[in-house]
Amino acid sequence: MWGDTDTARFAAGGADPYTRMLEEGSDGVLRLRRLSSGTIVEEWDFVALGGSADGDDVAALGRCEGPLLDVGCGPGRMVRAAAERASAAMGIDVSPAAVRRARAHGTPALERSIFDRLPLEGRWRTVLLMDGNIGIGGDPRALLERCRDLLAPGGALVIEADPDEDLDERSLFTVVDAAGLESEAFPWARVGWRTVMRAARAAGLSGPAHMRSGERHFVRAVAPRRPISTAAAATQTAATHRPTSTSG
């Protein structure tokens, strides 16, 4: 769930409890608090998120192909899990502390937003949005459209969704730890798996399918097999029909 937007980064600012946990190597729970009501709507076990991939994580990877991009990779557990399965993999995260911790474990990671320019645009075979990262920016459709554009034709997007199948909440939230240290507010979305499937179709992704492992829910969707663009086709044609040089 480690994401950002152009205006506010997940869990940053204020007391920045997420960065504190990363830098101190401490255990604990992070809670997502709805700003308008003060209600705690989700809790995340920091040890589980920053540790090794579990059986549900592996099930979500399934037959994922590389190169694989994990968006909001945090300390990098999913990148390492993919690499162990012989997939070339890399993570991105806007948190400098998360990227440092991932790299300390030998995990390839860049300090980058998904909305920044990225390596291999249009050539990733798999993109992951795990741990609630469908919430990045508070606009699931815009996020899914960006992921679609990062994928190679026929590439797969794997999204972890809320078990409340029709949940569709977009609001301002903060992150708070057990000591009451709280981040600044940021826009975020909480999205159920049926809502994710609808958003995936609206974003131009094909065949969204629901998967479940244990208590966790995932949606897998596929990027369209785009035809060669007019400009690319013209360039290809020109190269094919270029006259043989008579100079020299």
Side-chain angles (χ1 to χ4, degrees), residues 1-4 10-11 18 29-32 41-65 68-82 85 87 89 91-95 98 102 114 124-148 150-151 155-170 173 175 188-201 203 205 207-223:
M1 86 280 309
W2 322 126
D4 84 325
F10 173 91
Y18 176 49
V29 173
L30 292 174
R31 298 176 174 89
L32 186 68
V41 295
E42 291 185 34
E43 292 189 351
W44 301 302
D45 182 338
F46 188 76
V47 175
L49 292 171
S52 300
D54 62 18
D56 296 333
D57 292 326
V58 173
L61 283 173
R63 297 185 299 276
C64 287
E65 300 177 9
L68 176 147
L69 179 68
D70 184 15
V71 177
C73 66
R77 82 177 191 285
M78 294 303 299
V79 180
R80 292 189 291 275
R85 284 149 187 81
S87 291
I92 58 170
D93 202 295
V94 295
S95 165
I114 187 173
W124 295 98
R125 292 299 305 169
T126 305
V127 172
L128 300 181
L129 287 171
M130 299 289 285
D131 305 322
N133 276 330
I134 184 62
I136 290 174
D139 186 344
R141 178 170 173 175
L143 177 60
L144 293 177
E145 287 174 347
R146 175 60 174 146
C147 291
R148 177 203 65 202
L150 291 173
L151 285 165
L157 174 60
V158 179
I159 309 141
E160 184 165 7
D162 196 277
D164 183 351
E165 57 197 55
D166 291 311
L167 178 65
D168 188 1
E169 179 183 12
R170 301 154 199 222
F173 294 89
V175 165
W188 196 253
R190 301 176 59 236
V191 190
W193 60 266
R194 285 192 192 275
T195 306
V196 169
M197 293 177 74
R198 291 191 290 268
R201 293 188 189 99
L205 293 156
H210 172 232
M211 306 177 292
R212 179 173 180 174
S213 180
E215 298 302 313
R216 294 167 67 187
H217 294 255
F218 307 92
V219 172
R220 183 181 187 275
V222 178

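Source: prediction; values computed, not measured.
The minimum heavy-atom distance between Leu69 and Leu150, with the atom names listed, is CD2-CD1, 4.0 Å. Closest approach of Ser52 to Asp57, counting heavy atoms only: O-OD2, 4.5 Å. The minimum heavy-atom distance between Gly72 and Asn133, with the atom names listed, is O-ND2, 3.1 Å.
Looking only at distances, no side-chain donor or acceptor of Asp164 sits under 3.5 Å from a matching main-chain atom of Gly192. In this structure a side-chain-to-backbone donor-acceptor pair under 3.5 Å is missing from Glu165 to Arg194. A donor-acceptor pair under 3.5 Å is absent between the side-chain atoms of Asp56 and the main chain of Arg216, judged by distance alone. Although no hydrogens or angles enter the test, the distance criterion places no donor-acceptor pair under 3.5 Å between the side chain of Asp70 and the main chain of Ala89. The backbone N or O of Val79 sits nowhere less than 3.5 Å from a side-chain atom of Arg77 that would complete a donor-acceptor pair. No side-chain donor-acceptor contact under 3.5 Å links Arg148 to the backbone of Ala200.
The environment of Arg146 atom CZ is dense: over 12 non-hydrogen atoms of other residues, nucleotides or ligands sit within 6.0 angstrom.
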Exercise for review: Test side-chain contact (heavy atoms from CB on, under 4.5 Å) on Leu32 and Val175 and set out the steps.
Suggested key: CA-CA 5 Å; Leu32 186 68; Val175 165; 4.2 Å; yes

Review point. Asp162 and Glu42: side-chain contact (heavy atoms from CB on, under 4.5 Å), yes or no, with the steps?
Key: CA-CA 10 Å; Asp162 196 277; Glu42 291 185 34; 4.2 Å; yes

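Residues Ile159 and Leu144 meet the side-chain proximity criterion, which asks for heavy atoms closer than 4.5 Å.
Using a 4.0 Å cut-off between charged side-chain N and carboxylate O, Arg141 and Asp139 make no salt bridge.
The side-chain contact (heavy atoms from CB on, under 4.5 Å) check on Val29 picks up Arg31, Glu43, with sequence neighbours excluded.
The one candidate from Leu68, Val158, Leu61 that meets the side chain to side chain contact (heavy atoms under 4.5 Å, CB included) condition with Met78 is Leu61.
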